[in-house]
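Structure first, commentary second.
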Amino acid sequence: MADVERPLVEEHSLDRDCTTLSRHVLQQLQSFSAEAQDLSALMNRIALAAKLISRRLSRAGLMEGALGFTGNINVQGESVKKMDIYANDVFISVFKQSGLVCRLASEEMEKPYYIPENCPIGRYTLIYDPIDGSSNIDINLNIGSIFSIRRQEGDDIDGNALDLLQDGHKQLAAGYVLYGPSTMLVYSIGTGVHSFTLDPSLGEFILSNENIQIPEHGPVYSVNEGNFWQWDESIRDYIRYVHRHEGYTARYSGALVGDFHRILSQGGVFLYPGTLKKPEGKLRLLYESAPLAFLMAQAGGKASTGTQNLLDVVPDALHTRTPLIIGSKEDVSLVESFIQERARESQEVVTVRS
Ligand code: P6P
């Protein structure tokens with residue numbers, strides 16, 4: 001066939017519009033192995049879940065019974081929104097008959113949910129926060145979903161999924177969906193961080209940004225300063241520092257995914273420290289902090305508890321919480337320096353007294 005002359009731009013945009021999530025995974029892995037195909041199929045299912053949740057959110061304000069509280073309290077002790085349950089069930093439904101995922105562990109479920117028809121063969125576990133930032137749902141502000149994929153180790157006969165109680169380096173893939181002015185899916189399978197934007201006219205997530213790298217430093221610090229008097233003195237020292245120095249600006253949306261996405265895009269640091277009453281903090285390790293730490297490491301940033309690399313933390317339970325300091329290397333290190341300084345001072349006092 002004659003080589004038809006096409007404008008380069010048109011050819012590029014057509015090729016980009018064909019770069020769907022499942023194709024991108026195979027491109028990233030440069031492989032069509034069984035595991036590559038599994039990961040591609042897993043990401044495709046997550047994309048379907050994201051589309052279903054995005055569709056519901058875009059019409060929830062017009063749908064009877066879509067918004068508001070269920071009247072129940074979840075395992076976290078938090079009031080459950082109707083969207084929390086809907087989103088949780090969406091993830092379960094899209095993995096049925098997939099042959100991929102035997103177990104789903106969710107913020108909304110005390111124990112993992114097993115999909116029996118998948119369990120003999122499905123060797124992956126989805127760990128997820130179906131709706132992160134629920135307080136934003138009824139006021140139409142940004143919210144997200146966070147996901148992490150791990151390989152199932154052993155047969156989990158007792159149904160306690162103890163093999164999930166391992167550090168964040170065990171993650172095969174991680175990412176989040178941001179339900180904002182557009183719906184974006186950001187993911188990594190260990191070959192960089194890549195973002196996709198949902199094209200509603202196609203019903204496909206299309207590649208929008210590849211190999212995202214966080215700036216070494218950024219102006220944004222994102223923390224709920226309403227907790228100031230609950231924090232350790234070292235965190236207050238950091239806050240006093242950014243208050244007194246030029247070049248810092250506070251941004252906090254109340255939804256981790258949105259705040260994280262801003263930091264990833266513009267640089268800076270997000271903090272959810274422990275408090276004097278709750279030293280372990282609020283955010284959950286397996287389905288909030290660890291997936292984001294996986295992404296941040298891939299994007300050239302840093303994530304810690306303040307004293308330990310977040311990806312090294314081993315949970316003692318499915319819903320273990322951990323303090324989180326995550327973002328640009330320089331900014332996370334600055335926060336850590338205040339923690340180290342206070343620890344040194346405390347040690348000196350102990351030494352003097354002894
Ligand atoms: P606070 C939402 O409930 C969430 O888990 C995160 O999305 C968010 O960063 C944090 O809690 C907000 O908590 O105590 O500042 O309202």
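What you see is a predicted model; the values in this text were computed from it and never measured. In each ligand, atom 1 is the first atom listed, and ligand 1 is the first ligand listed.
S328 places no side-chain N or O within 3.5 Å of a backbone atom of D331 that could act as its donor or acceptor partner. Under a 3.5 Å cut-off, the side chain of Y272 and the backbone N or O of N224 do not form any donor-acceptor pair.
Taking only nitrogen or oxygen atoms, main chain and side chain alike, K282 reaches within less than 3.5 Å of ligand 1. Annotation: N227 places no N or O atom under 3.5 Å from an N or O atom of ligand 1; distance criterion only. By the 3.5 Å distance cut-off applied to N or O atoms, D259 is not counted among the residues near ligand 1. Between L256 and ligand 1, at least one pair of N/O atoms sits closer than 3.5 Å. Taking only nitrogen or oxygen atoms, main chain and side chain alike, E78 does not reach within less than 3.5 Å of ligand 1.
Distance from atom 14 (O) of ligand 1 to its nearest protein heavy atom, with residue and atom name: Y272 OH, 2.6 Å.
Not less than 6.0 angstrom separates the ring centroid of F294 from the ring centroid of H169. Checked against the 6.0 Å centroid criterion, the rings of H24 and F196 qualify as a close aromatic pair. Under the 6.0 Å cut-off for aromatic ring centres, Y287 and Y128 do not qualify, their centroids lying 6.0 Å or more apart. For F147 and Y176, the ring centers sit 6.0 Å or farther from each other.
Heavy-atom proximity to R284, at under 4.0 Å, picks out these atoms of ligand 1: 5 (O). The contact set between ligand 1 and G133, taken as ligand atoms under 4.0 Å from a residue heavy atom, comprises 2 (C), 7 (O).
Remark: distances from the non-hydrogen atoms of G254 to ligand 1 include one below 4.0 Å. Residue contacts with ligand 1 include E288, since one or more of its heavy atoms lies under 4.0 Å from the ligand. Residue contact annotation: S135 has no non-hydrogen atom under 4.0 Å from ligand 1.
Residue W231 holds its CH2 atom at 9.5 Å from CZ of R236, rounded to the nearest 0.5 Å.
Neither the backbone nor the side chain of E225 comes within contact range of ligand 1; no heavy atom lies under 4.0 Å.
Using a cutoff of 4.0 Å between basic side-chain nitrogens and carboxylate oxygens, E153 and K170 are scored as salt-bridged.
Of the candidates I131, I146, D132, it is D132 that places a heavy atom closest to atom 6 (C) of ligand 1.
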